[in-house]
Every structure is written in C-alpha cells, then in structure tokens.
Protein chains: 2
Amino acid sequence: MYKKKSKRLARYAKALSHPVRIEILKLLENESCCFTGDMVIVFPLAQSTISQHLKELKNAGLIQGELNPPKTKYCINQANWAEAKALLCDFFDVDFSKSTCSI
Amino acid sequence: MYKKKSKRLARYAKALSHPVRIEILKLLENESCCFTGDMVIVFPLAQSTISQHLKELKNAGLIQGELNPPKTKYCINQANWAEAKALLCDFFDVDFSKSTCSI
DNA sequence: AATACTAATCGTAATTTTACGATTTGAAAT
DNA sequence: ATTTCAAATCGTAAAATTACGATTAGTATT
C-alpha cells in the first residue's frame with residue numbers, strides 16, 4: 001500500500017499532532033524524566049486525559065514508562081526518538097549528520 | 001493555553017500524520033509541481049479523497065494550488081515548508097543552519 | 001448553446017480522537 | 001487487614017478524520 005518509511009513517519013507525526021503531546025515531549029527533553037503527576041499539574045487537563053496522551057506517545061514509541069509505585073516515571077525512548085528525527089530530517093532534506101560540524 | 005510554537009508544530013505534524021499526505025509531499029518535492037489528476041493516478045484512492053487530502057495540506061499551509069483550468073497545479077509553499085522544517089529541527093535539536101557545511 | 005474535462009464540494013457512514021468523571025489497580029504505609 | 005496514594009482503565013459523549021459516490025462548478029472546445 002504505502003511505503004514503509006511513509007507509514008513510520010506518519011505514525012510519529014501523528015504522535016506529535018497535538019500541542020499537549022509536543023509540550024510533554026519538550027518537558028521530557030529538558031527534565032529527562034517526569035512523573036505523570038508533574039504533568040497533571042503543569043497542563044490544564046484532567047488526569048485521565050494526560051494518561052491517555054502518555055499512552056499514545058508510548059504506543060507511538062516516543063516515550064517509555066518505568067513503574068515506580070505508586071508513581072510512574074516517563075522518559076524519552078532514545079532509539080525511537082532518533083529514528084523519528086532521522087526520518088524527519090530525511091523528509092525535509094536536512095543533513096543532520098553534519099549538525100555537529102563546528103567550523 | 002499552549003505555546004504558540006507548540007501549536008504551530010502540532011499543526012504541521014497533523015498535516016504529516018497520514019501516509020498519503022507524506023507521499024504527496026514527497027512527490028511535490030521531487031516533481032516540484034503536480035496536477036491533482038497525477039496523484040489520483042498514483043494513489044489508490046478516490047478523486048474526492050485525494051482532493052480532501054490536498055485541501056488539508058493547503059489549510060495547514062504546506063502546499064499551494066494554482067488554478068490552471070480545468071486543471072489545478074499544486075506545489076510546495078516554500079515559506080511555510082521552511083517554517084515547518086525549522087520548528088521540527090528546533091524541536092529535535094538539529095542544527096540545520098550548519099547542514100550545508102561541507103567539511 | 002452544448003459538450004467535455006478536471007477538480008472541488010456535498011452528503012453520508014464508519015472510525016478515531018479528545019475530553020471528562022468515575023472506578024479500578026497495585027504497591028506502601030498504617 | 002485497611003487505608004492511602006498515584007496512575008491506569010472504563011464508560012461515555014462530542015467532535016474530527018477518513019473514505020466513497022454523486023453532484024456541481026468552471027473553463028475550453030465543438
């Protein structure tokens with residue numbers, strides 16, 4: 001049907017298609033890790049709604065949750081994050097392999 | 001509510017959240033321009049469905065249509081395309097300003 | 001004026017997304 | 001054994017997405 005790359009990219013893009021999910025990921029980028037409760041405080045949404053968005057990010061593979069009862073600690077799934085970045089850079093013709101060039 | 005950047009990025013990501021829209025954009029990247037009819041031939045979807053997807057890409061600002069009756073020629077909206085690229089690079093910490101460094 | 005052609009729009013159905021409150025789960029502390 | 005707490009799940013409603021066939025619009029051509 002569609003190309004594998006297109007499907008994977010669309011999948012990641014879908015995960016990024018809601019502002020709260022963008023901001024959750026930004027938070028995890030900065031803080032490296034976060035509890036669900038922290039996000040419920042930060043964002044003006046019900047706890048169940050935040051959980052739902054976290055589940056979607058997890059299903060898309062962008063984050064992973066580590067059980068730490070009664071809390072859950074979330075962080076970025078680095079492998080898939082890197083894949084998403086690579087797919088997007090490829091799509092937009094960004095040569096990210098040179099992005100560390102300092103000259 | 002949400003940060004302006006997050007909303008814009010989410011908007012662009014949403015446009016990219018369907019495989020056929022990814023492939024339409026790839027086609028436009030390669031061919032630089034395309035008629036609706038070309039895409040109807042390429043993709044296994046009804047003409048009305050393709051039109052719908054083109055409308056979404058147009059609403060998101062990623063493409064623009066030039067009336068050329070009875071045909072319509074679509075191409076990438078370079079300004080918004082650049083913005084989407086910049087927002088994504090910023091989000092993924094890719095320094096795309098250095099992407100042309102050849103050393 | 002009538003016809004032909006492309007593409008947009010309309011109407012519709014099925015599915016998915018988004019959001020919420022209420023309930024449940026599962027481990028820790030009392 | 002109960003209670004407590006965070007987080008997941010359930011049930012549900014409203015809205016949005018995706019897809020299709022049918023119709024309409026608008027320009028060229030005959």
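In what follows, chains are A, B, ... by sequence order, proteins preceding strands, each numbered from 1.
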Sequence-distant partners of A:Glu23, salt bridge (charged side-chain N to carboxylate O under 4.0 Å, His left out), two or more places apart: none

Report the distance from atom CZ of A:Phe43 to atom C1' of C:dA19, rounded to the nearest whole Å. 16 Å

Can you measure A:Ile22 atom CD1 to C:dT18 atom C1' for me and round it to whole angstrom units? 16 Å

What are the residues of residues 5-12 of chain A, sorted by number, that bring a heavy atom to within less than 4.0 Å of DNA chain C? none

Measure CG/B:Leu45 against C1'/D:dT18 and give the value in whole Å, please. 9 Å

Could you pull out the protein-nucleic contacts involving nucleotides 9-17 of chain D (nitrogen or oxygen on both sides, under 3.5 Å)?
| from | atom 1 | to | atom 2 | distance (Å) |
| --- | --- | --- | --- | --- |
| D:dT17 | OP1 | B:Lys14 | NZ | 2.6 |

Starting from A:Leu45, can I reach A:Ile41 by hopping between I/L/V/M/F/W/Y residues whose side chains sit under 4.5 Å apart? no

Go through residues 23-42 of chain A and report each residue with a non-hydrogen atom lying under 4.0 Å from DNA chain D, sorted by number. A:Phe35, A:Thr36, A:Gly37

All N/O donor-acceptor pairs, side-chain side in residues 66-79 of chain A, below 3.5 Å, sequence neighbours left out:
| from | atom 1 | to | atom 2 | distance (Å) |
| --- | --- | --- | --- | --- |
| A:Asn77 | OD1 | A:Ala79 | N | 3.2 |
| A:Asn77 | OD1 | A:Asn80 | N | 3.2 |

Tell me: CG of B:Leu57 to P of D:dT18, nearest whole Å? 10 Å

To the nearest angstrom, how far is B:Leu16 atom CG from D:dT18 atom P? 12 Å

Go through the structure and list residues passing salt bridge (charged side-chain N to carboxylate O under 4.0 Å, His left out) with B:Glu31, not counting sequence neighbours. none

My understanding is that only residues two or more places apart in sequence, or in another chain, count here; which of them pass salt bridge (charged side-chain N to carboxylate O under 4.0 Å, His left out) with A:Arg8? A:Glu83

Could you pull out all residues at least two apart from A:Lys5 that satisfy salt bridge (charged side-chain N to carboxylate O under 4.0 Å, His left out)? A:Asp90

Show your working on side chain to side chain contact (heavy atoms under 4.5 Å, CB included) between B:Leu25 and A:Phe91 and close with a plain yes or no. CA-CA 9 Å; B:Leu25 290 168; A:Phe91 183 71; 3.7 Å; yes

Can you name the residues that form a ring-ring contact (aromatic ring centres under 6.0 Å, His included) with A:Phe92, not counting sequence neighbours? B:Trp81

Euclidean distance, atom CG of residue B:Leu54 to atom P of C:dT6 [Å, nearest integer]: 16 Å

Find out whether B:Leu16 and A:Leu16 are in side-chain contact, i.e. whether some heavy atom of one side chain is under 4.5 Å from a heavy atom of the other. no

DNA chain C-proximal residues of residues 65-77 of chain A, any heavy atom under 4.0 Å: A:Pro69, A:Pro70

Report which part of the nucleic acid A:Ile50 touches: base, sugar-phosphate, or nothing (heavy-atom distance under 4.0 Å, all strands). nothing

Kindly write out the residues that satisfy side chain to side chain contact (heavy atoms under 4.5 Å, CB included) with A:Arg21, not counting sequence neighbours, or none if the list is empty. A:Ser17, A:His18, A:His53, A:Glu56, A:Leu57

Specify the closest pair of heavy atoms between B:Asp93 and A:Lys85, including all atoms of both residues, with the distance to one decimal. O-NZ, 4.5 Å

Under 3.5 Å, sequence neighbours excluded: what are the donor-acceptor pairs made by side chains of residues 32-40 of chain B?
| from | atom 1 | to | atom 2 | distance (Å) |
| --- | --- | --- | --- | --- |
| B:Asp38 | OD2 | B:Phe35 | N | 3.1 |

A:Tyr12 versus A:Leu88: any side-chain heavy-atom pair under 4.5 Å? no

